[in-house]
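Take a look at the structure below.
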2 protein chains.
Amino acid sequence: MLNNRSEVDLDLVFQALADRTRRAIVARLCEGPASVSELAKPFPMSLPAIVQHLQVLETSGLVSSEKIGRVRTCSVVPATVRLAESWLGARRSVGERRLDRLEAFLATQPEPKPESHERPPTIPPRSTP
Amino acid sequence: MLNNRSEVDLDLVFQALADRTRRAIVARLCEGPASVSELAKPFPMSLPAIVQHLQVLETSGLVSSEKIGRVRTCSVVPATVRLAESWLGARRSVGERRLDRLEAFLATQPEPKPESHERPPTIPPRSTP
DNA sequence: ACGATTGTTAAGCACATACTTAAGTATTCG
DNA sequence: CGAATACTTAAGTATGTGCTTAACAATCGT
């Protein structure tokens, strides 16, 4: 039902967030609503490019906008930010459950041989053969 | 500094998450490590396609893997999941600060008697959950 | 009414993505 | 050894993305 819809939405939401410019726009809108040209000002690209980014953001549901007169005012949609955040939170909590189980297991072991468990992302794990 | 690097990483992380199949792989790996063909089993696509998805995930830092013998074992990298989550959390908290400010402002308004026919606020005081 | 401001639409281009099939490489097992 | 297993690599293809420039509204101040 809404599971399917959420999945579709998440595609669009994460896709929208997968761009530095769009993340900057979202960050800016979190400080308060802004017009299109106001949003465009910091970026070294054409205004139509920004409009396209805004379309992506609006299609994803991260941003909403309303045009009054000749100025379109954009705002962030917190619920959508929360949607993405909660997907990640759900994954993390599962991982932590697992980590808890691992720790519980290690607590039963007599020799606490320290192993690194958190590495920087791009560095491959040390092989322990 | 590391800000720049984080931004670059976030591009890759959100891009990696912007695909239903890859999110399902991450979700599966949050339950525990798995081999490539084990990961491929639920999906109606070729094994090379899954390998390509895994490369995207590994490049993003969301997944790490190690090959032992002929089987490659993949695991999730919780720190990277947290990286994405915390970016969203930071945005959300800014938005909530704003909402707090709005609510504080509304609290200072003595008479909610609407005698002006100004355009009513487009965003209601309390957001829908 | 005129011109400046603010945004929109359309077309096009270079490059990236999500697959496919086909063929190859190790590694394990009988 | 030889066959099955578990990937890996390469090449091709269709579609999507992130821009650009050019031309076109609509609205506002004077």
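FYI, side chains are in, hydrogens and waters are out, and symmetry mates aren't considered; it's all heavy atoms of this structure. Convention: sequence-line order gives letters A, B, ...; per-chain numbering from 1.
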Least distance between heavy atoms, C74(A) atom then V36(A) atom: SG-CG2, 4.4 Å
Length of the CG-P vector between L54(A) and dT6(C), whole Å: 16 Å
Whole-Å distance separating the CD1 atom of I50(A) from the P atom of dT9(C): 17 Å
Non-hydrogen side-chain atoms of L54(B) and S65(B) separated by less than 4.5 Å: no
Spacing between Q55(A) atom CD and dA10(C) atom P, to the nearest angstrom: 11 Å
CZ-CZ distance between R28(A) and R91(B), expressed to the nearest 0.5 angstrom: 13.0 Å
Given DNA chain D, 5'-ward residue of the pair P48(A) and R72(B), judged by closest heavy atom: R72(B)
Trace of the side chain to side chain contact (heavy atoms under 4.5 Å, CB included) decision for L29(B) with L39(B): CA-CA 8 Å; L29(B) 288 178; L39(B) 289 172; 3.8 Å; yes
Short heteroatom pairs, N/O only, protein and nucleotides 2-5 of chain C, under 3.5 Å:
residue: dT5(C); atom: O2; partner: R70(A); partner atom: NH1; Å: 2.6

Distance in angstrom units between I68(A) CD1 and dC28(D) C1', rounded: 15 Å
Of V56(B), I50(B), V63(B), L62(B), the residue whose pairing with R22(B) passes side-chain contact (heavy atoms from CB on, under 4.5 Å): V56(B)
5' priority, DNA chain D, between G69(A) and L47(A) [closest heavy atom]: L47(A)
Side-chain touch L88(B)/L17(A), heavy atoms, less than 4.5 angstrom: yes
Grab the N/O contacts between the protein and nucleotides 17-19 of chain D below 3.5 Å, and write none if there aren't any.
residue: dG18(D); atom: OP1; partner: R22(A); partner atom: NH2; Å: 3.1
residue: dG18(D); atom: OP2; partner: R22(A); partner atom: NH1; Å: 2.9
residue: dC19(D); atom: OP2; partner: H53(A); partner atom: NE2; Å: 2.7
residue: dC19(D); atom: N4; partner: Q52(A); partner atom: OE1; Å: 3.1
residue: dC19(D); atom: N4; partner: Q52(A); partner atom: NE2; Å: 3.4

Parallel, tilted or perpendicular: rings of W87(A) and F14(A) (30°, 60°): perpendicular
Contact under 4.0 Å: K67(B) side-chain N or O vs dT27(C) OP1/OP2: no
Partners meeting side-chain contact (heavy atoms from CB on, under 4.5 Å) with S37(A) (sequence neighbours left out): S35(A), L47(A)
